[in-house]
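Quick note: numbers below take in every heavy atom, side chains included, and nothing from hydrogens, waters or symmetry partners.
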Amino acid sequence: ALVEETRLTLPPILDEGLCCILEARTPDDQLRLVHDWGRPRGLHGEKAVGAWRQVVLSDARSKLGKWAATKVQVITGQLRALAEGEVVDPSTERNLGQKFIEAVSKEWGLVDDEVQQKRLERIVSRLVAVSDRDAGSLRWEVRIANKPAINAVCFPGGKILVFKGMLDFVKQELDDSDDAIASVLGHEIAHATLRHGVNKAKVITARLSSELSSPIMLNAFMNGFSRTNEFEADQYGVLYAYRAGFDPVAAMRYHERML
């Protein structure tokens with residue numbers, strides 16, 4: 001199995017974290033535990049980064065080496081060329097999304113509206129329950145950005161940012177309809193289930209040399225996905241809304257009002 005083949009090349013500092021993985025019964029179970037293992041147990045900060053770097057140095061071309069390289073980049077926030085083969089596993093995806101949404105929240109500020117927040121969380125919960133990805137593999141979260149734009153965005157790992165302008169638009173133009181909001185959130189959830197955010201992160205980090213939280217990196221991510229990705233998210237988003245009991249036609253009404 002993957003871990004058994006590479007264990008002898010790993011530094012001793014990682015042995016404790018690998019024990020539970022090696023005790024798994026099958027190679028598939030081992031890989032699942034590897035993917036869920038966010039960093040060496042008992043290690044934090046610089047020690048964790050140092051441990052991952054030792055794994056990279058032990059065999060940078062192996063799957064485990066590439067996975068460790070991604071861990072270093074995400075923990076430090078210094079993303080460099082994820083497109084060159086590093087493994088973006090579920091725990092890395094969640095950490096990547098957390099860093100993006102924290103940076104944006106700090107840059108733009110959030111709206112403190114408990115009623116709207118609970119409403120969005122309730123709608124997201126219904127949509128996630130019928131989506132095409134195991135809910136446990138992501139850490140779904142929705143926040144309201146204090147921005148007037150009529151927009152929303154989903155970062156890797158299920159981190160959704162809804163703009164205040166979008167909520168105001170639905171209230172003024174679409175009778176404050178849950179169905180309309182579900183059409184937008186379904187679209188964003190589809191981006192996460194299809195891992196569009198992860199793929200985009202690979203593209204922009206291969207093209208840009210900048211800190212994760214820098215304005216140039218955030219702006220590149222906020223510029224939207226490809227037309228193919230957007231079309232896929234439209235299709236799946238409407239399907240999720242329908243499965244969750246919302247009116248799927250609301251998506252068409254939303255776009256008609258936008259024109």
Side-chain angles (χ1 to χ4, degrees), residues 35 66-67 70 73-74 77 79-105 120 123-143 145 147 149-163 166 181-208 210 212-214 216-244 248 251 254-255 258:
H35 289 168
K66 292 176 181 178
W67 171 64
T70 301
Q73 293 187 60
V74 173
L79 296 182
R80 298 291 187 274
L82 289 180
E84 293 186 5
E86 285 86 348
V87 180
V88 182
D89 57 77
S91 67
T92 302
E93 181 181 359
R94 294 192 294 265
N95 291 336
L96 183 61
Q98 189 66 40
K99 288 184 179 292
F100 266 121
I101 199 167
E102 291 296 344
V104 173
S105 298
L120 294 176
I123 295 173
V124 166
S125 179
R126 288 174 59 180
L127 292 166
V128 168
V130 296
S131 68
D132 294 311
R133 190 169 178 186
D134 177 19
S137 67
L138 302 177
R139 296 291 182 269
W140 295 99
E141 181 184 2
V142 58
R143 300 184 185 184
K147 295 284 284 185
I150 304 172
N151 200 4
V153 64
C154 187
F155 297 107
K159 303 299 182 182
I160 303 171
L161 196 68
V162 172
F163 291 20
M166 189 277 283
I181 292 177
S183 71
V184 175
L185 292 176
H187 176 97
E188 300 306 330
I189 287 170
H191 279 310
T193 59
L194 297 169
R195 303 191 90 220
H196 290 162
V198 171
N199 292 332
K200 180 157 190 177
K202 289 182 178 181
V203 171
I204 63 176
T205 55
R207 191 182 67 212
L208 303 173
S210 181
L212 178 63
S213 59
S214 68
I216 188 172
M217 189 73 80
L218 294 176
N219 287 336
F221 198 98
M222 294 297 298
N223 280 338
F225 296 98
S226 68
R227 289 186 178 182
T228 298
N229 285 171
E230 294 292 357
F231 182 63
E232 288 177 339
D234 282 340
Q235 290 180 306
Y236 280 84
V238 169
L239 177 61
Y240 296 160
Y242 173 75
R243 287 176 178 173
Y254 179 89
H255 288 290
M258 287 278 290

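Looking at heavy atoms from C-beta onward, E188 lies in side-chain contact with I160 at the 4.5 angstrom threshold. Inter-residue side-chain proximity for V128 and S125 is flagged as unmet; no heavy-atom pair is nearer than 4.5 Å. Side-chain contact between L185 and L120: present, with at least one pair of heavy atoms (C-beta onward) separated by less than 4.5 Å. The side-chain heavy atoms of M258 and I150, taken from C-beta on, include a pair separated by under 4.5 Å. Side-chain contact check for K159 versus F100: every heavy-atom pair is 4.5 Å or farther apart. Counting heavy atoms from C-beta outward, F155 and V104 have side chains that approach closer than 4.5 Å. Between V162 and V142, the closest side-chain pair of non-hydrogen atoms falls below 4.5 Å. Within the 4.5 Å cutoff, the side chain of R243 has no heavy atoms near those of the V238 side chain.
Scanning both residues, A190 and Y236, for their nearest heavy atoms gives CB-CB, 3.7 Å.
Separation of atoms CG (L161) and OG (S105) is listed at 6.0 Å; rounding is to 0.5 Å. Here the straight-line distance linking atom CG of L127 with atom CG of L239 works out to 10.5 Å at 0.5 Å rounding. Of the inter-residue distances, the one linking H187 atom NE2 with C154 atom SG reads 9.5 Å to the nearest 0.5 angstrom. From L138, atom CG reaches atom CD1 of I189 across 10.0 Å, with rounding to the nearest 0.5 Å.
Using a 3.5 Å distance cut-off with no hydrogens or angles, the side chains of H191 and E232 do not pair a donor with an acceptor.
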- Message: Let's go through M166 and N151 carefully: what are the C-alpha distance in whole Å and the side-chain angles of both, what is the deciding distance for side chain to side chain contact (heavy atoms under 4.5 Å, CB included) to 0.1 Å, and is it a yes or a no?
- Response: CA-CA 6 Å; M166 189 277 283; N151 200 4; 5.9 Å; no
- Item | Criterion side chain to side chain contact (heavy atoms under 4.5 Å, CB included) on E230 and Q235, from CA distance to verdict | CA-CA 9 Å; E230 294 292 357; Q235 290 180 306; over 6 Å; no
- Item | side chain to side chain donor-acceptor pair (under 3.5 Å) between T193 and Y240, worked out | CA-CA 11 Å; T193 59; Y240 296 160; 3.2 Å; yes
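Ion pairing between E141 and R139 fails under the 4.0 Å rule for side-chain N and carboxylate O. Salt-bridge annotation for K99 and E93: absent, with no side-chain N of the basic residue lying under 4.0 Å from a carboxylate O of the acidic one. Ion pairing between a basic and an acidic side chain is recognised when a charged N comes within 4.0 Å of a carboxylate O; D234 and R227 show no such pairing.
Atom CZ of F163 sits in a crowded spot, with more than 12 heavy atoms from other residues, nucleotides or ligands closer than 6.0 Å.
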